Amino acid sequence: MPVLNSKELRIVGFLCNWCAYGGADTAGVARAGQPTDLRIIRVPCSGRVDPLFVLKALLEGADGVLVSGCHPRDCHYAAGNFYARRRLEVLKRFLPVLGIDDARFEYAWVSASEGQRWQHVVTSFTKRIHAMGPAPHFDDAKPLLRVADMALTALRPLGTAQNAAVNELKQVIKDKLPELNCVIGWQQGYDGAHATPLFMKTPEDVDKLSWGPFNVMNPAVYLPLFKGKKTGVVVKGCDSRSVVELLQENLIKREDVIIFALPCEGTLDIARVNEKLGRYTRINAVAYDEAGVTITADGKEHRFCMNDFAQGKCYGCATPMAVLADTRLGEPHKVNPVSSVPPELAMLDDMALSERMAFWRGQMERCLRCYACRNACPMCVCRDYCVSDSRNPHWMSQDADINQKLFFQTIHALHLSGRCTGCGECQRACPVGIPILALRQQIARAVAQLFDDYKAGLNPAALPPLLGYEAHEKNIHERDWK
Amino acid sequence: MRIGIFICHCGSNIAGTVDCARVAEISTGFPDVVYATDPVYTCAEPGQAAIEAAIHDHRLDGVVVASCSPRMHEPTFRRTVERAGLNRYLFEMANIREHVSWIGKDRDANTNKAAELVKMAVAKLRNNRPLLAKSFEVNKKVLIVGGGVAGIQAALDCADGGVPVILLERESTIGGKMAKLDKTFPTVDCSACILGPKMVDVAQHPNITLYAYSELEDISGYIGNFTVKIRKRATYVNWEKCTGCGACSEKCPSKKTPDTFNELTGVTTAINIPFPQAIPKKAVISAEHCRQLTKGKCGVCAKICPTGAVVYDMQDDVVTEEVGCIIAATGYDLMDWTVYREYGGGQYPDVITSLQYERLLSTSGPTGGHIRRPSDGLEPKHIVFIQCVGSRDKSVGRPYCSGFCCMYTAKQAVLTKDHLPFSQSYVFYMDIRAPGKLYDEFTRRAVEEYGVEYIRGRVSAVYPDGEGAYVVMGVDTLLGRSVEIKADIVVLAVGIEASRGAAALAEKLRISYDNYGFFMESHVKLKPVETNTAGVFLAGVCQGAKDIPASVAQGSATAAKVLALFARDRLENDPQTAQVDTRRCVGCGKCIRCCPFGALKETTIRGEIKADVIETVCQGCGLCTTTCPQGAVQLSHATDNQILAEVNALCRC
Amino acid sequence: MSTIRILASDGLPAFLSFLSQKHQRVLVPVVKSANKRSVIFEPWRAGMPVVLEKATVPPKEAVLPQCETLLTYKKSKNQEDLGDITVSLDDTPEALSTAIFACRPCDARGFRVLDRPFLNGLFPDPYYKARRESLTVFTITCSSGCNTCFCHWVGGGPSSPEGSDVLMTKIEEALMLQAISPAGEALLKDCDLPDGRDIFPRAEAARKAAWASLAPAPDLKQAPQKIAALFGNDDFWQSQTSGCLSCGACTYLCPACYCFNITDEGDGFGVHGGRRLRSWDNCMSSLFTHEASGHNPRMLKTPRMRNRVSHKFSTYPENWGTFSCNGCGRCISNCPVSLDIRAIVLAALDNAG
Amino acid sequence: MNDDINLSRMRDAAFTEDVEAQSGQKVSDCYQCGNCTAGCPAGFVYDRQVNQIVRAVQLGLKDEALGSRSVWMCLSCSTCSLRCPNNIDVAAVMETLRHMARRENRVAAPKVENFWFSFLDTVRAFGRAYEIGTMALYMLRSLRIFTDLDLAPVVFKKKKLGFMPHVVPHGGAAAVARIMRRYKERAVHERVRP
Amino acid sequence: MTYAYYPGCSAKGSSTDYEKSTQAVCDFLGLTLVEMPDWNCCGSTPAHAVDTELSAALCARNLDIAARQGAEMLLTPCPSCLSNLKHAANRLEKPEFRARVDALLDNPAAGNFPAVTSVMQGIAAHCDVNDIAKHIRKNLKGLKLAAYYGCLMSRPAELMDFGDPENPSLMENLLAACGAEMLDFPLKTACCGASYGIPERAVTARLSGRILKLAACMQADAVAVACPLCQMNLDLRQPQAAKAADAFFNMPVLYFTQIMGLAFGLSPAALGLEKLRVSADSLLRKLEAEGGKS
């Protein structure tokens with residue numbers, strides 16, 4: 001393969017056939033001289049440009065990527081570029097969390113008649129890329145391990161839910177049971193410090209239902225499997241947002257799901273609990289008090305205060321009570337609605353771009369591609385048909401290299417744009433503790449910034465921001481190429 | 001695959017700065033390439049013959065031509081490979097002229113870039129699949145939205161061509177803006193006299209179904225097979241029975257109803273027929289002003305109506321029609337001129353729009369064709385016309401020229417002199433745009449024969465002088481001096497914008513519109529009446545400012561498009577449509593939500609919900625492919641794998 | 001008696017450095033700090049801090065990498081006839097001689113399970129073989145059981161020597177190294193660590209204490225037949241499987257799972273040519289049995305879980321005499337929803353009994 | 001004065017660019033509608049109307065633009081900017097031209113400049129404006145008797161103007177004087193007319 | 001909100017009446033105006049006409065004093081000062097410009113300047129129309145007034161933030177709240193001729209003449225103004241303007257604060273009415289007469 005002319009950098013362009021490509025033709029016809037770096041891929045519409053193409057190019061060695069299409073309102077397909085604008089803007093705000101300079105990616109609207117503008121766009125973008133030089137690669141980064149600061153203050157008091165109306169709830173469930181296929185909840189797992197899902201079909205099953213800080217997993221993940229069968233689900237506040245999101249996306253039907261809710265007082269970060277418990281053979285006792293639990297394992301007492309050992313997401317949680325439920329019992333604590341940056345994201349915010357790159361290098365190395373993150377995600381409904389293991393489309397190879405592993409995380413994150421409720425199951429499920437939730441949190445933050453503080457999973461009737469558009473976007477401003 | 005590569009010299013256009021032979025040589029190293037050459041003119045007849053020969057001689061099943069832009073010659077070469085027996089989609093182009101040779105002088109860099117573009121094309125081609133068009137039946141019936149002069153012309157031409165027409169009009173009468181005009185330029189013939197007969201033809205033509213006082217509710221389907229829902233708004237009069245005698249209007253006690261037909265220059269009755277020549281000549285009750293409907297007591301019209309046509313409890317009715325194509329002819333409205341505080345628009349009674357002035361000139365208008373000031377009913381002596389009020393004005397977001405104001409201002413000035421021989425008209429103008437046949441002559445006549453004072457310059461302020469007249473302060477830029485005129489009436493040539501509701505209609509029709517609401521044609525020069533949505537055509541001012549002759553011409557042009565389309569019994573689709581891999585599809589419906597054309601729908605396959613592409617509706621934008629997380633919807637000819645192949649060809653090196 | 005050496009804690013770097021001279025890489029457990037910390041085997045470099053904990057991920061990668069290039073291929077064209085293509089292959093196994101330092105007895109036993117499909121029979125896998133034959137396993141015995149360990153249920157134990165070349169036992173701050181295999185013997189003889197025969201009894205005592213700390217194991221002798229008998233009992237499997245998310249954490253973290261997938265990448269032209277990759281596969285995924293025809297015998301997660309449990313506790317032992325599970329418990333502790341394979345096996349015993 | 005304008009010789013594109021750069025306005029956007037002139041309250045004392053000044057700038061006719069009395073007569077009322085259909089801040093263009101003209105010592109309306117200097121001199125001296133002082137200085141400079149002599153009786157009767165200058169306390173006057181001095185020094189250094 | 005008050009030079013010279021009435025009215029409404037110390041002239045038209053940097057430097061010194069004083073808002077009655085201060089603050093946001101201005105100052109100016117606004121807006125922000133109505137002691141009912149803003153107050157719109165630049169309405173709102181009948185005065189933002197009274201009095205005479213003539217035609221009892229220069233041109237120069245307009249005027253031209261003060265029942269002396277050239281007596285008489293009626 002011809003190598004790049006030594007003066008050139010690798011710049012990939014995705015141009016819509018009708019406007020930008022035509023603009024580039026017009027520039028050519030006008031003999032409007034341009035740098036030679038850019039290679040143009042012709043697509044029917046800027047709406048066809050999956051942000052993942054851009055990421056793929058950047059991960060695979062592009063130094064810059066330029067997407068160009070019709071001016072808003074001029075789309076050959078009426079609205080393709082409106083969708084593109086939202087998706088590409090989200091991408092632009094996502095790149096930095098990976099450690100990729102967002103200046104390496106740009107989108108511009110150029111009409112078929114704007115040869116001069118095209119010349120200008122190409123020239124200034126190429127200049128910009130040259131000023132930044134060749135893009136750094138994840139392969140070359142020196143792994144960096146850093147741990148987020150978990151000394152956090154919660155927006156509400158965290159506790160162990162011992163006063164929750166569990167018995168009352170059990171009765172309600174028992175009453176409803178005859179009309180339901182099953183009710184999903186939690187029960188004690190292989191020991192008192194681990195809960196496992198419970199599928200209640202009989203009143204005896206209902207008696208096994210547990211409620212408390214060990215109920216970490218999100219039962220909403222199972223709901224799409226029961227599509228068409230009337231199913232009950234017991235939810236924490238965060239779980240209910242996943243249910244709402246599933247409803248919003250028509251993945252389950254409202255009439256098929258009965259939601260039971262108790263106020264959540266936070267759940268434990270089992271990873272940190274396990275680490276402190278260390279090696280033990282059996283648990284002798286789990287004692288609850290208002291602020292935490294004391295676990296006696298092999299005769300030794302370990303104290304876990306909820307405020308110190310809650311899951312990262314619980315500290316910033318503003319929905320302790322289900323946002324949507326058929327049965328609500330108990331009163332949640334009042335939430336002090338202060339916006340807070342989740343711990344891992346805050347850690348990344350404090351890093352330079354190069355450090356972030358090194359960080360992901362250091363973290364993703366140990367990824368096993370077991371896809372527990374994906375399968376634990378309630379919004380990952382492709383499951384068996386995930387593009388990660390597909391040859392058509394063939395987005396990824398089976399190589400165990402950093403680019404493939406990280407690319408999968410970006411696929412997941414971008415597919416969750418405007419959909420991720422931040423339940424954190426991806427990160428919790430990861431056997432090797434990669435803080436991948438931060439990537440989803442950055443997407444959610446970008447979506448909130450761009451679309452009027454939109455948060456997924458609060459309103460089943462809301463239009464997901466990336467499945468809609470505004471002709472005039474309030475928070476997306478065209479870049480000035482003058 | 002067995003791929004052949006043709007690196008075109010395009011004379012010296014490409015070969016001047018690209019080493020074409022070298023590119024061909026490099027190409028031989030690409031996978032599946034079995035043949036590469038560098039003809040001097042590939043698109044010329046011998047060049048095309050060489051491609052056909054190479055397909056036969058080298059048993060090629062894929063061809064890459066590296067030459068000019070595919071926007072130029074892709075159709076040409078597709079036909080070439082098709083002649084040689086290949087499917088037209090087993091062909092790719094690399095643009096090494098507009099994107100390489102013409103924009104850079106560095107021969108080495110260009111050669112290298114050209115080779116990479118060929119490599120990308122090969123990579124894509126290796127993922128191409130033969131695609132075949134599908135054919136479908138055409139419903140030979142047309143819907144025309146808007147009964148102004150453009151819509152009327154289109155309707156009559158289509159109907160004369162034997163096509164059944166559904167003509168939709170929002171107001172209670174067709175005729176549009178032209179019906180409000182007194183005379184037309186440059187011949188100064190009577191608007192009603194030339195439009196009237198056409199309106200009557202519409203009413204009488206057996207092929208035309210007229211829905212007046214109706215609006216388009218919803219559209220689904222695609223070229224050849226649209227389903228439209230039409231909302232017939234409640235008129236409170238049974239038009240089957242109404243004879244248009246006008247007895248109701250005479251007796252209606254609610255006589256202060258704003259007269260919209262007269263541009264609010266006068267009042268009418270709550271039940272009325274807008275003007276004597278209205279088509280259909282049927283009465284309509286204005287619900288906000290009718291005493292029976294607002295207060296529940298009156299009922300005079302029902303009593304007086306000889307045919308008992310009045311129905312106070314009438315409801316809107318929605319009817320469904322099936323058509324094969326649609327013509328949008330929705331015209332225009334005036335921009336909000338009251339933003340011009342300095343002219344006192346909407347503030348002083350005698351500062352009026354030219355359309356209002358037109359009604360004052362018209363015999364069917366509120367003054368019976370006598371020019372009288374709205375404020376005191378006196379005849380004006382000094383009339384000031386101000387052009388470009390809301391045209392060519394970026395500061396109010398109206399940068400475009402409204403096209404016909406120069407001409408009608410001249411016409412109105414001329415008519416003013418005819419009506420009031422002792423009057424003096426002044427026209428403030430920036431430029432006179434009179435490019436039509438006999439137009440410039442007409443404006444000259446206004447000056448030379450009618451003594452209209454044309455002042456090259458603008459007006460800075462209009463305000464009452466406290467003595468019943470208005471001070472018009474302006475400038476004559478030719479003199480370089482400010483001028484002041486005492487005017488009795490000031491007529492603003494208010495700029496136009498797309499008809500209200502145009503944007504909403506565009507969204508229903510799935511066509512593009514510009515920032516001012518004007519619909520976008522498919523190509524400015526070569527497809528002026530087509531849109532990018534197959535089967536939707538544009539006539540008249542809805543596409544951009546134009547005068548009556550141009551609107552009529554466009555009306556006829558769309559009729560020609562409709563007749564040409566309906567000359568065929570079946571249509572073929574472009575096979576570059578989305579395809580659903582039903583096994584991968586999880587039925588989440590995201591693609592359905594964002595398809596700009598409604599080309600995806602839900603279907604049930606073995607009890608599971610899946611997406612399904614209506615291939616004839618799909619326009620091939622690929623938004624669904626981008627939206628589908630599992631890649632279950634793939635746009636043929638721009639699949640993920642095809643684009644990824646191009647990305648990989650570039651980046652993995 | 002085999003060779004026994006004693007390694008003082010401060011002598012660890014020197015010993016690892018000694019091992020590095022004998023092997024191209026020495027895999028040692030290191031901590032990957034994160035909010036959820038993990039312990040991973042990584043090639044040792046001077047100055048690298050080592051932890052003697054049970055690793056999150058077993059050292060299976062030493063012989064069966066997550067993804068390996070089986071062969072590379074290059075296509076070249078006949079310049080006279082561009083359609084005439086010659087393919088050249090390079091399938092030399094990429095095998096570094098490796099020492100694994102401080103894996104656990106369950107991990108070491110895992111290699112025995114892997115050996116069967118890859119080494120035995122008519123067609124030994126050359127890639128695996130090359131790596132396996134240059135592998136030395138230093139195992140550290142466990143001082144106690146833990147909540148998810150069940151090695152002693154399946155024939156192993158906290159000081160099981162199977163699969164190890166050297167068995168190490170921690171005594172206070174020192175390690176007692178005991179040669180198990182001839183290779184281990186040779187290595188220990190060759191090193192300059194002091195003789196540790198006199199502390200062997202203390203090590204023995206520690207091992208006994210470890211055994212004593214274990215809860216009594218149930219008798220799994222009937223497991224193969226009983227699980228087989230449940231093959232058609234959908235209700236049983238469904239009830240045991242409903243929580244499963246079908247991810248691959250259990251199998252990818254299992255020292256005894258060896259299933260793989262093969263894919264080709266690259267068109268064979270250009271500098272990169274093409275590669276045939278072998279990568280881990282996962283029987284809990286529906287794609288595992290996705291056939292070329294489109295048919296999938298294990299479309300649902302229930303038969304998939306039945307397959308995994310049956311394979312480990314029924315069909316494998318019936319065919320090959322041992323469980324293909326070493327009781328390391330990683331599938332339990334790493335399951336995102338805390339499913340417990342022990343419970344399924346016990347339920348099977350109960351159900352049929 | 002009314003010589004032919006030889007565009008090929010007199011056209012100074014750099015001047016146009018200069019004006020655009022300094023004023024931040026795109027003069028080429030102007031299509032000469034005349035709105036600025038129509039609204040200009042001072043147009044009747046201009047020798048070139050505003051649109052003509054802009055035209056001169058468009059054509060790069062530097063002498064025409066900078067030599068005009070109009071730039072000195074501009075009242076800075078911004079009506080032109082407000083009315084411009086092309087969103088040009090015409091007042092900013094006028095101001096830019098005035099600054100350019102001053103720096104090049106082309107003062108077409110010395111009376112006006114004299115008045116400004118008189119004003120600024122009093123500010124320099126006292127830190128604040130002092131109307132009587134301004135007038136006195138202005139009369140000295142322009143060698144004109146009190147131009148508003150007709151107003152004098154009323155002014156004094158009504159005590160419209162204070163006889164005593166109002167000096168800024170706390171040394172502010174000195175600070176202002178320093179500002180003026182530095183400004184002058186810099187102008188000299190940069191070789192422009194202060 | 002902490003205010004700094006910048007009276008402007010005219011307050012100490014030609015328009016002591018404006019200053020007096022402003023102080024009196026604000027005092028009455030409980031809006032305390034504390035004159036900032038050591039302020040200097042903003043440079044007025046001459047400074048910015050000569051050089052924007054010089055003008056900005058003179059303004060920057062004042063803005064700096066206000067900022068260091070900890071003021072959040074700087075109030076000034078004079079539109080010319082207002083315009084200069086606002087322009088300067090705006091231009092100083094550009095770092096290069098700021099650097100050049102800083103070089104003219106003794107010390108670089110403080111980082112954050114207070115917002116600058118007019119006393120008129122300050123009053124409106126301090127108390128709404130209803131509050132003002134509560135303070136009325138002498139309703140101005142029957143007085144026909146033309147509010148005249150001049151050209152500077154509302155322009156440029158984006159900088160001055162004074163509502164519709166062609167049709168501001170704040171003064172009408174305030175005075176209507178006092179009971180006056182406010183005419184829709186078309187020339188409310190026309191230019192009066194500004195500082196050309198001295199060097200080019202013909203300009204001023206003609207422009208002021210047109211304004212006064214329209215006000216007279218509309219039968220205004222008085223013109224309300226908010227600018228010292230406008231007041232001087234319309235009042236002091238009224239005979240010159242009359243000559244230019246070929247008319248005779250006897251049109252009182254009062255500061256809006258003086259009119260508000262009358263409504264609040266403050267004495268003519270407290271409002272400095274004696275300073276007017278065209279006496280406000282006719283106005284006061286009409287007010288008495290109307291008051292008698294109601």
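Within every chain, numbering begins at 1; the chains are lettered A, B, ... in the order of the sequence lines, protein sequences first and strands thereafter. Being a predicted model, the structure only gives us computed values, none of them experimental.
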For chain B, which candidate among A:Val43, A:Leu414, A:Leu58, A:Asp74 shows the most heavy-atom pairs at distances under 4.5 Å? A:Asp74
If one checks every heavy atom of B:Thr639 against chain A at 4.5 Å, the contacting part turns out to be backbone
Bottom line for B:Leu644: the part with an atom under 4.5 Å from chain A's heavy atoms is both
Under the side-chain contact (heavy atoms from CB on, under 4.5 Å) test against A:Pro393, which residue among B:Thr625, B:Asn641, B:Ile643 passes? B:Asn641
Can you list the steps and then say if B:Lys124 with A:Arg42 is a side-chain contact (heavy atoms from CB on, under 4.5 Å)? CA-CA 11 Å; B:Lys124 163 136 198 261; A:Arg42 185 167 67 126; over 6 Å; no
CD/B:Glu98 to OH/A:Tyr21 distance, rounded to the nearest 0.5 angstrom? 8.0 Å
Engaged part of B:Gln576 at the chain A interface, taking heavy atoms whose separation is under 4.5 Å: neither
Residue B:Arg584 versus chain A: region with a heavy atom under 4.5 Å: both
Charged N-O contact under 4.0 Å between B:Glu116 and A:Arg10: yes
One should read off an interatomic distance between B:Arg593 CZ and A:Leu467 CG, to the nearest 0.5 angstrom, of 6.0 Å
Need one label for B:Asn13: side chain, backbone, both or neither, based on atoms under 4.5 Å from any heavy atom in chain A. side chain
Sort out for me which of A:Ala112, A:Ala32, A:Gly80, A:Ala84 touches chain B most, counting heavy-atom pairs under 4.5 Å. A:Ala32
Do A:Arg39 and B:Lys119 pass the side-chain contact (heavy atoms from CB on, under 4.5 Å) test, and can you show the C-alpha distance, the side-chain angles, and the key distance before you say yes or no? CA-CA 11 Å; A:Arg39 306 286 183 265; B:Lys119 189 189 178 199; over 6 Å; no
Which heavy atom in B:Asp640 sits nearest to a heavy atom in A:Phe53, and how many Å separate them? OD1-CZ, 3.6 Å
From CZ (A:Arg48) to CG (B:Leu623), nearest 0.5 Å: 9.5 Å
With side-chain contact (heavy atoms from CB on, under 4.5 Å) as the test, would you mind laying out the steps for B:His99 and A:Leu38 before giving the verdict? CA-CA 9 Å; B:His99 293 184; A:Leu38 179 74; over 6 Å; no
Rounding to 0.5 Å, atoms CZ (A:Arg31) and NZ (B:Lys105) come to a distance of 10.0 Å
Heavy-atom contact with chain A under 4.5 Å, split by part of B:Glu608: neither
Exceeds 12 heavy-atom contacts within 6.0 angstrom, atom CD of A:Glu478: yes
Between B:Gly631, B:Cys621, B:Pro596, B:Gly622, which residue shows the highest count of heavy-atom pairs closer than 4.5 Å to chain A? B:Cys621
Given B:Arg510, B:His637, B:Met120, the one with more heavy-atom pairs under 4.5 angstrom with chain A than any other is B:Met120
Max heavy-atom pair count under 4.5 Å with chain A, selected residue of B:Gln630, B:Gln642, B:Glu646, B:Arg583: B:Gln630
Shortest non-hydrogen pair, A:Pro44 vs B:Gly620, comes out as CB-O, 3.4 Å
Indicate the atoms forming the closest heavy-atom contact of A:Leu251 with B:Cys588, along with that distance. CD2-CB, 3.6 Å
Tell me, do A:Arg87 and B:Thr627 make a side-chain contact under 4.5 Å, heavy atoms counted? yes
Rounded to the nearest 0.5 angstrom, the SG-CD distance for A:Cys45 and B:Gln619 is 11.5 Å
Only pairs of heavy atoms separated by less than 4.5 Å count here; which of A:His415, A:His71, A:His76, A:Gln119 has the most with chain B? A:His76
Mind listing the closest non-hydrogen atom pair of B:Arg71 and A:Asn17 along with its distance? NH1-O, 2.7 Å
Given B:Pro629, which partner from the list A:Cys380, A:Cys386, A:Cys382 fulfils the side-chain contact (heavy atoms from CB on, under 4.5 Å) test? A:Cys382
Could you check which of A:Ser388, A:Gly33, A:Pro51, A:Pro72 has the highest count of heavy-atom pairs closer than 4.5 Å to chain B? A:Gly33
Hey, which of A:Ala57, A:Gly61, A:Ala79 has the most heavy atom pairs under 4.5 Å with chain B? A:Ala57
Can you tell which of B:Gly104, B:Ala94, B:Ser512 has the highest number of heavy-atom pairs within less than 4.5 Å of chain A? B:Ser512
Find the distance between CG (A:Leu466) and OG1 (B:Thr626) and round it off to the nearest 0.5 Å. 12.0 Å
Best-contacting candidate, A:Ile411, A:Asp25, A:Asn250, against chain B by heavy atom pairs under 4.5 angstrom: A:Asp25
